[in-house]
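So the structure is just underneath, and the comments pick up after that.
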Amino acid sequence: MQVHGKTKVLTHKIAYLIQEKHIAPWNILAITFTNKAANEMKERVEKLIGDAANDMWIGTFHAICVRILRKYIDRIGFTSSFVIFDTTDQKSLIKECMKELKVDDKMFTDKSLIAAISNAKNDMQDEEEYAKRTNNEIRKEVIAEVYKSYQRKLRENNALDFDDIINYTIKIFMQETDALEYYSDKFRYVLVDEYQDTNKAQFTLISLLSARNRKHYSSRR
């Protein structure tokens with residue numbers, strides 16, 4: 001189920017669910033957009049419910065997904081010891097792809113290619129899907145080739161970039177029914193801070209997790 005609202009509202013909702021409705025803390029998932037907001041929420045929840053807060057999952061979309069990926073990512077060809085490439089790593093890898101593909105760096109910068117790939121991932125277009133949508137536009141065809149090379153090299157390095165984290169979690173949930181069933185059963189209540197700001201990938205993740213229990217409760221700001 002989905003609860004919309006700001007951090008203070010969500011923390012009081014958590015306390016209400018645990019103290020008044022006797023919901024087990026491990027059945028509640030609270031998601032935020034930033035580490036700062038996640039830390040603030042943890043502190044507020046601890047003040048309201050004490051040590052029970054330690055049994056909850058509270059974190060950013062990416063932090064939550066990384067925990068899930070460590071358990072299930074072997075299902076999609078990575079190992080649990082995968083690494084996450086930061087901006088510097090991405091830039092180096094994109095430049096490597098550009099060099100191998102002989103991409104004209106006067107027409108494309110590493111920054112513009114990273115942005116284009118990130119936008120595609122946020123719209124849940126993997127490299128194959130993106131390639132199907134180039135419509136014979138030369139610029140998009142070049143991006144598609146770089147995208148394919150970039151993803152191949154990430155996989156060779158057992159690495160993910162920041163955008164892959166959510167998309168690969170969605171991929172696992174959509175392909176591995178046991179994984180989705182496990183977390184849907186575990187997280188009976190999914191609370192999302194600033195829910196209205198979610199992008200397509202984030203919305204899809206929440207929808208998958210909350211589908212089974214959505215009928216029980218929904219609250220809006």
Side-chain angles (χ1 to χ4, degrees), residues 31 33-34 60-70 72-177 179-180 192 194-209 211:
I31 306 176
F33 279 88
T34 67
T60 63
F61 279 94
H62 292 91
I64 296 298
C65 286
V66 166
R67 290 184 68 173
I68 295 170
L69 290 173
R70 293 293 179 196
Y72 287 100
I73 201 167
D74 62 301
R75 305 277 187 95
I76 57 172
F78 292 83
T79 72
S80 60
S81 60
F82 66 86
V83 295
I84 300 170
F85 274 20
D86 62 17
T87 304
T88 302
D89 298 321
Q90 279 185 282
K91 189 173 181 179
S92 296
L93 200 61
I94 286 290
K95 285 185 174 181
E96 188 178 321
C97 295
M98 291 174 68
K99 184 176 180 180
E100 289 184 4
L101 294 170
K102 296 181 171 58
V103 174
D104 187 349
D105 59 10
K106 293 180 180 178
M107 292 184 63
F108 296 90
T109 64
D110 49 46
K111 185 177 180 180
S112 68
L113 288 167
I114 289 171
I117 291 171
S118 180
N119 288 337
K121 291 182 178 184
N122 285 333
D123 200 35
M124 294 181 63
Q125 294 180 33
D126 64 16
E127 65 272 31
E128 300 299 332
E129 182 65 25
Y130 186 87
K132 292 176 184 177
R133 300 189 183 192
T134 58
N135 298 317
N136 296 317
E137 294 180 36
I138 295 176
R139 185 173 183 83
K140 287 187 176 180
E141 288 180 347
V142 172
I143 294 170
E145 288 302 309
V146 174
Y147 191 178
K148 285 183 181 180
S149 177
Y150 174 70
Q151 289 303 114
R152 176 176 54 79
K153 290 179 181 295
L154 281 173
R155 189 172 288 273
E156 288 172 353
N157 284 282
N158 195 41
L160 285 62
D161 68 19
F162 206 58
D163 297 311
D164 287 328
I165 293 170
I166 294 177
N167 283 334
Y168 281 155
T169 305
I170 292 170
K171 183 176 182 178
I172 288 169
F173 283 163
M174 295 183 74
Q175 293 183 359
E176 309 294 329
T177 56
L180 179 57
V192 184
E194 302 293 355
Y195 175 81
Q196 73 280 355
D197 293 332
T198 54
N199 60 29
K200 183 177 180 180
Q202 292 163 341
F203 175 79
T204 301
L205 177 74
I206 297 163
S207 297
L208 287 167
L209 277 172

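Note that the structure is a prediction, hence the values are computed from the model and not measured.
Here the options are Ile31, Ile166, Ile170, the test is side-chain contact (heavy atoms from CB on, under 4.5 Å), and the partner is Gln202; only Ile166 passes. Paired with Gln90 under the rule side-chain contact (heavy atoms from CB on, under 4.5 Å), one option of Leu113, Ile114, Ile117 passes, and it is Ile114. Considering Leu154, Leu93, Thr87, Asn167 as possible partners of Asp161, the one that fulfils the side-chain contact (heavy atoms from CB on, under 4.5 Å) test is Leu154.
Side-chain N or O atoms of Asn135 include none that pairs as donor or acceptor with a backbone N or O of Glu137 at under 3.5 Å.
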**Q.** Steps toward side chain to side chain contact (heavy atoms under 4.5 Å, CB included) verdict (Tyr72, Thr169)
**A.** CA-CA 9 Å; Tyr72 287 100; Thr169 305; over 6 Å; no
Q: Run the numbers on Leu69 and Phe78 for side chain to side chain contact (heavy atoms under 4.5 Å, CB included), then give the verdict.
A: CA-CA 9 Å; Leu69 290 173; Phe78 292 83; over 6 Å; no
Q | Step-by-step side chain to side chain contact (heavy atoms under 4.5 Å, CB included) determination, Ile206 to Phe61 | A | CA-CA 9 Å; Ile206 297 163; Phe61 279 94; 3.6 Å; yes
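Leu160 places a side-chain heavy atom less than 4.5 Å from the side chain of Ile73. Asp86 is not listed as a side-chain neighbour of Phe162, based on a closest heavy-atom distance of 4.5 Å or more. Side-chain contact between Asn122 and Lys200 is absent, with no heavy-atom pair separated by less than 4.5 Å.
Residues satisfying the salt bridge (charged side-chain N to carboxylate O under 4.0 Å, His left out) criterion with Glu129, sequence neighbours excluded, are Arg133. Shown here are the side-chain contact (heavy atoms from CB on, under 4.5 Å) partners of Ser80, two or more places apart in sequence or in another chain: there are none. Tyr150 meets the ring-ring contact (aromatic ring centres under 6.0 Å, His included) test with no other residue; sequence neighbours excluded. For Asp74, there are no side-chain contact (heavy atoms from CB on, under 4.5 Å) partners at least two apart in sequence or on another chain. Partners of Tyr130 under the side-chain hydrogen bond (donor to acceptor under 3.5 Å, both in side chains) rule, at least two apart in sequence or in another chain, do not exist in this structure. By the side-chain hydrogen bond (donor to acceptor under 3.5 Å, both in side chains) test, Thr109 is found to be paired with Ser112, residues two or more places apart in sequence or in another chain being considered. The side-chain hydrogen bond (donor to acceptor under 3.5 Å, both in side chains) search around Asn158 returns Thr79, not counting sequence neighbours. Residues passing the side-chain contact (heavy atoms from CB on, under 4.5 Å) test with Glu176 are Arg75, Ile172, Asp178, Ala179, sequence neighbours excluded. For Glu145, there are no side-chain hydrogen bond (donor to acceptor under 3.5 Å, both in side chains) partners, not counting sequence neighbours.
The pair Glu128-Lys132 fails the salt-bridge criterion, with no side-chain N (NZ, NE, NH1 or NH2) lying under 4.0 Å from an Asp/Glu carboxylate O.
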Give the table of side-chain donor-acceptor pairs shorter than 3.5 Å for residues 97-106, with sequence neighbours excluded, one pair per line with atom names and distance.
{"unit_1": "Glu100", "atom_1": "OE1", "unit_2": "Lys153", "atom_2": "NZ", "d": "3.2"}
{"unit_1": "Glu100", "atom_1": "OE2", "unit_2": "Lys153", "atom_2": "NZ", "d": "2.9"}
{"unit_1": "Asp104", "atom_1": "OD1", "unit_2": "Lys106", "atom_2": "N", "d": "2.8"}

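A salt bridge (charged side-chain N to carboxylate O under 4.0 Å, His left out) check over residues 163-173, counting only residues at least two apart or in different chains, returns the pairs Lys121-Asp164. Applying the ring-ring contact (aromatic ring centres under 6.0 Å, His included) test to pairs two or more places apart or on separate chains, none has a residue in residues 81-111.
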